[in-house]
A.B. asks: 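Please see the structure below; I have some questions.
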Amino acid sequence: MVKVKDVSALLKDLLKDAVLEVALEKGLPPGEVPEVLLERPRHEGQGDWATNIAMLLAKPLKTRPRELAGEIVSRIGKDPHLEKMEVAGPGFINFFVTNLWVRDVIDAAVKERENYGRSTQGKGKKVQVEFVSANPTGPLHVGHGRGAAVGDMTAGLLEYAGWEVEREYYINDAGLQMNLLGQSTQARYFEILGVSDKAPFPENGYKGDYIYDLAREVLERDGKKHLEVPLEESFPVFQAYAANTILDGIREDLALFGVKFDVWFSEKSLYEKGLVESALAFLKARGHAYEKDGALWFRTTAFGDDKDRVLVRSNGVTTYFASDVAYHKEKFDRGFDLVIDVWGADHHGYVPRMKAAVEALGRERDALQILLIQFVNLLRGGHQVSMSTRSGEFVTLKEVLDEVGVDAARFFFAMRRCDSHLDFDLELAKKASTDNPVFYVQYAHARIESIMREAASRKIDIPDPGTVDVDLLLEPEEKALAKRIARFPEEIEKAASELAAHRIAFFAYDLASDFHAFYNAHRVLGVEEAVSKARLCLVEATRVALTNALGILRVKAPERM
RNA sequence: GCGCCUGUAGCUCAACCGGAUAGAGCAACGGACUUCUAAUCCGUAGGUUGGAGGUUCAAGUCCUCUCAGGCGCGCCA
């Protein structure tokens, strides 16, 4: 039996031979023959596969595309999987395959189960996905949620495509923002005790209500003792308490959202281990860094950035960029073949210098991929909700999860390309109606489980797909469904190589849609036995593909709804 | 001023390395449950892909210009 994925490979080989033969005959050196590609035609009636090769070759061979296409077709060898070929449109060659693939795909899905669709694309390669990485200065908001979903799903997708994947959270626990957090908490503590003039609230401090909560907790734990000592002395207590408490909250929120990190990496640890220093030394030794105006600069312009960047300020303080260079050096030193950073789109100006850093570290520019997550426009009751951590006015991720549920939130984020702005309407996501795609997809799964329960109660087993008579699955809804299942492995590879996890969500939706259409048109149980058996196999194959797709997104596939 | 992202049906979004007739859902209208779950399905209607040029056999996709929205442009993070 030919594996589903191999049908296209098989066609491609036949096609390639024919193309080379024709090209050679017309005097075109094999080196100048463009790459032969097979694509999925957009429309029904244009076959299962198509190629544009005749159009590409028409010019160098000085012939008309359609004529050439005919010539190529006449040289393509026979194969039991190949039903017929057609020359269509401006010069496409359309391939129609025989029904053999229907059994092939059902067989593959049912037998491979949780491995159906897995790819070896990333085999033997290690990738790190770093995401969220929010400063521990406040709770996660919806924007972080989108980053968390995209990062986690991208990681899941790459795992499925054969990569060894590590999920990492970078904790920005060093620097100015952490000081501000400590000062803000300290100031609120004094304010609560009615002596706010003794510890004024810092400019640009964190104004959210949660800072009051932290201050009150310190007060409960320690009493008024921090009033008695100088501010510098009590400051570390406030900072440590605030940062640890907030980070714990972040961990809890992410756990609730179904996101698990393999590594929580502390920025502070880079300094403690001397890695920032050694990274700077590395750059200096290779002539990528120089001193000017009392500061240390990184010559990022040598790698395409539009200006050089400061690593160490003239006051001796290292910049955020310096620790980021050190961090990325450390990542590559850990042996990753690919490093993916998921950032908020407001950091896009940072991309060229980070890419420059990667090159200066002696890596390919593309060894670092940065996914920029566009802003989430949070809507509630039609009007926009502001989301700035500093102003303290935001809706937290937890609030959203409590309101709309984890699955709805994850799927909502998954249904958009990450570089597209996202309107997240809470009222809409919460509705258990057709508006909400996650219920639509989950309902398809619940229906499948229902069929399986019914079959079990009637003592009917799922037969071996090898015994299925493919000619019993010729209804348009059956073929459409089988075809969709067959595309799952392609979809994985495509999505993985584009780092486009949203494709999986769309696939799941389309698969559910094909299933619902099938379900409404045909009965699985209570029809003629051979047909029933064939359909049971098809349903089981659907269940496998749907479960696997949802598994990548970490969205539940419920047995009942 | 310079740079990045976005602009596709009334609304929210898809569209593979440039391919054939630009697809879904919602909203609107008309239909379908005596059966394995109607949170479903089927049908109708809806478009100059913001605009103008260009490259190409072929452009939503690439190039130039332009308009609109968002975001960046620090010895901040």
Side-chain angles (χ1 to χ4, degrees), chain A residues 35 37 39-43 45-46 50-52 55-56 58-59 64-65 88-92 94 135 137 172 174-178 180 204 292-297 306-307 309-321 323-324 344-352 372 374-375 377 415-417 419-423 425 428 431-440 442-444 446-455 457-458 477 490-491 493-495 497-498 500 502-503 505-506 509-510 512-513 515-527 532 535 539 560-561:
Chain A
E35 197 190 347
L37 294 175
E39 55 186 18
R40 292 284 199 178
R42 240 204 286 243
H43 296 279
Q46 294 175 342
T51 183
N52 62 351
M55 274 127 71
L56 296 177
K59 195 170 245 182
R64 278 192 285 270
F92 289 99
N94 294 337
N135 289 353
T137 54
N172 293 117
L176 182 67
Q177 297 307 318
M178 295 308 292
L180 274 177
N204 296 325
K292 195 184 90 183
D293 305 330
L296 184 70
W297 296 73
D306 53 6
K307 59 174 98 162
R309 307 294 172 176
V310 170
L311 293 164
V312 183
R313 291 188 270 161
S314 53
N315 65 5
V317 178
T318 51
T319 60
Y320 183 84
F321 182 46
S323 54
D324 244 2
D346 54 333
H347 289 76
H348 71 257
Y350 211 74
V351 173
L372 295 173
Q374 280 295 342
F375 280 12
N377 234 340
M415 284 291 283
R416 302 282 183 306
R417 256 174 36 215
D419 54 5
S420 154
H421 297 254
L422 162 57
D423 282 347
D425 194 313
L428 208 73
K431 269 200 269 179
S433 77
T434 49
D435 251 5
N436 199 334
V438 67
F439 293 107
Y440 182 86
Q442 291 184 321
Y443 185 49
R447 276 180 149 178
I448 291 171
E449 289 293 328
S450 172
I451 292 175
M452 294 313 186
R453 277 194 299 273
E454 182 63 23
S457 78
R458 297 186 195 184
E477 293 85 3
E490 301 162 35
E491 209 50 48
E493 296 203 339
K494 211 175 283 176
S497 55
E498 286 174 45
H502 74 279
R503 281 182 161 280
F506 279 93
Y509 188 89
D510 291 339
S513 177
F515 176 75
H516 285 309
F518 161 78
Y519 184 92
N520 275 277
H522 308 289
R523 292 195 54 80
V524 177
L525 304 173
V527 291
S532 178
R535 287 183 181 159
V539 170
R560 292 190 158 80
M561 284 175 78

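All chains are named by letter (A, B, ...) in the order of the sequence lines, taking the proteins before the strands, and each is independently numbered beginning at 1. Values below: every heavy atom of this structure, side chains too, minus hydrogens, waters and symmetry copies.
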A.B. asks: Are OP1 or OP2 of rC73(B) and a side-chain N or O of Lys307(A) less than 4.0 angstrom apart?
C.D. replies: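 No, no such contact exists.
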A.B. asks: Considering Watson-Crick and G-U wobble pairs with both distances under 3.5 Å, what does rA32(B) pair with?
C.D. replies: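 With both distances under 3.5 Å, rA32(B) matches rU40(B).
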A.B. asks: Any carboxylate oxygen within less than 4.0 angstrom of a Lys/Arg side-chain nitrogen, looking at Glu454(A) and Arg458(A)?
C.D. replies: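 Counted as a salt bridge, because a side-chain N and a carboxylate O are separated by less than 4.0 Å.
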A.B. asks: Measuring only the C1' atom in each nucleotide, how far is rA14(B) from rA77(B)? A whole number of Å is fine.
C.D. replies: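 Those two atoms are separated by 36 Å.
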A.B. asks: Nearest-Å distance, CD1 (Ile451(A)) to P (rA38(B))?
C.D. replies: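 After rounding, the reported distance stands at 10 Å.
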A.B. asks: Indicate yes or no: does Arg416(A) engage Asp419(A) in a salt bridge with an N to O separation below 4.0 Å.
C.D. replies: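 Looking at Asp419(A) together with Arg416(A), the answer is no, because their closest N to O distance does not fall below 4.0 Å.
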A.B. asks: Taking CG from Asp346(A) and C1' from rC5(B), how many angstroms apart are they, rounded to a whole number?
C.D. replies: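 Going from Asp346(A) (CG) to rC5(B) (C1'), I get 12 Å.
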A.B. asks: Rounded to whole angstroms, how far apart are CZ on Phe518(A) and P on rU35(B)?
C.D. replies: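 Taking CZ of Phe518(A) and P of rU35(B), I get 18 Å after rounding.
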A.B. asks: Does any nucleotide pair with rU21(B) by Watson-Crick or G-U wobble geometry, both distances under 3.5 Å, and what is it?
C.D. replies: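 Its partner is none (no Watson-Crick or G-U wobble pair with both distances under 3.5 Å).
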A.B. asks: Looking only at the side chain of Thr319(A) (C-beta and beyond, no hydrogens), which of the listed nucleotides rA77(B), rA39(B), rC36(B) gets closest?
C.D. replies: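 The nucleotide sitting nearest to the side chain is rA77(B).
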A.B. asks: Taking any strand in view, what nucleotide pairs with rA45(B) in a Watson-Crick or G-U wobble way, both distances under 3.5 Å?
C.D. replies: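 With both distances under 3.5 Å required, rA45(B) matches none.
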A.B. asks: Closest approach to the side chain of Glu454(A), judged atom by atom: which nucleotide of rC5(B), rC41(B), rC36(B) is it?
C.D. replies: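 Nearest listed nucleotide: rC36(B).
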A.B. asks: Rounded to whole Å, how long is the line connecting atom CG of Asp423(A) with atom P of rU6(B)?
C.D. replies: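 Roughly 16 Å, once rounded to whole Å.
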A.B. asks: Choose from rG3(B), rA39(B), rU12(B) the nucleotide whose nearest atom is closest to any side-chain atom of His348(A).
C.D. replies: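 Output: rG3(B).
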A.B. asks: Counting Watson-Crick and G-U wobble pairs only, both distances under 3.5 Å, name the nucleotide matched with rC65(B), or none.
C.D. replies: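 When the pairing criteria are applied, rG51(B) turns out to be the nucleotide that pairs with rC65(B).
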A.B. asks: How far apart are the C-alpha atoms of Val527(A) and Arg535(A), what are their side-chain angles, what is the distance that settles it, and do they pass the side-chain contact (heavy atoms from CB on, under 4.5 Å) test?
C.D. replies: CA-CA 10 Å; Val527(A) 291; Arg535(A) 287 183 181 159; 4.2 Å; yes
A.B. asks: If you check every side-chain atom of Tyr440(A), which of rC36(B), rC75(B), rC41(B) has the closest atom?
C.D. replies: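 Comparing rC36(B), rC75(B), rC41(B) against the side chain of Tyr440(A), the answer is rC41(B).
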A.B. asks: Nearest whole angstrom, please: distance from the P of rC71(B) to the NE2 of His421(A).
C.D. replies: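 Whole-Å distance recorded here is 9 Å.
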A.B. asks: Atom CD of Gln442(A) and atom C1' of rA39(B): how far apart are they, to the nearest Å?
C.D. replies: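 Rounded to whole Å, this separation is 11 Å.
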A.B. asks: Give me, pair by pair, the N or O atoms of the protein and of nucleotides 28-34 of chain B that are less than 3.5 Å apart, along with how far apart they are.
C.D. replies:
none

A.B. asks: Could you tell me the Watson-Crick or G-U partner of rG3(B), where both distances fall under 3.5 Å? Say none if there is no partner.
C.D. replies: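 Check on rG3(B): paired to rC71(B), both distances under 3.5 Å.
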A.B. asks: Expressed in angstrom and rounded to an integer, what is the separation of Asp425(A) atom CG from rA27(B) atom C1'?
C.D. replies: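 Whole-Å distance recorded here is 14 Å.
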A.B. asks: Along nucleotides 14-21 of chain B, 5' to 3', which nucleotides get a B, which get an S, and which get a -, given that the test is a protein heavy-atom distance under 4.0 Å?
C.D. replies: SSBB-BBB
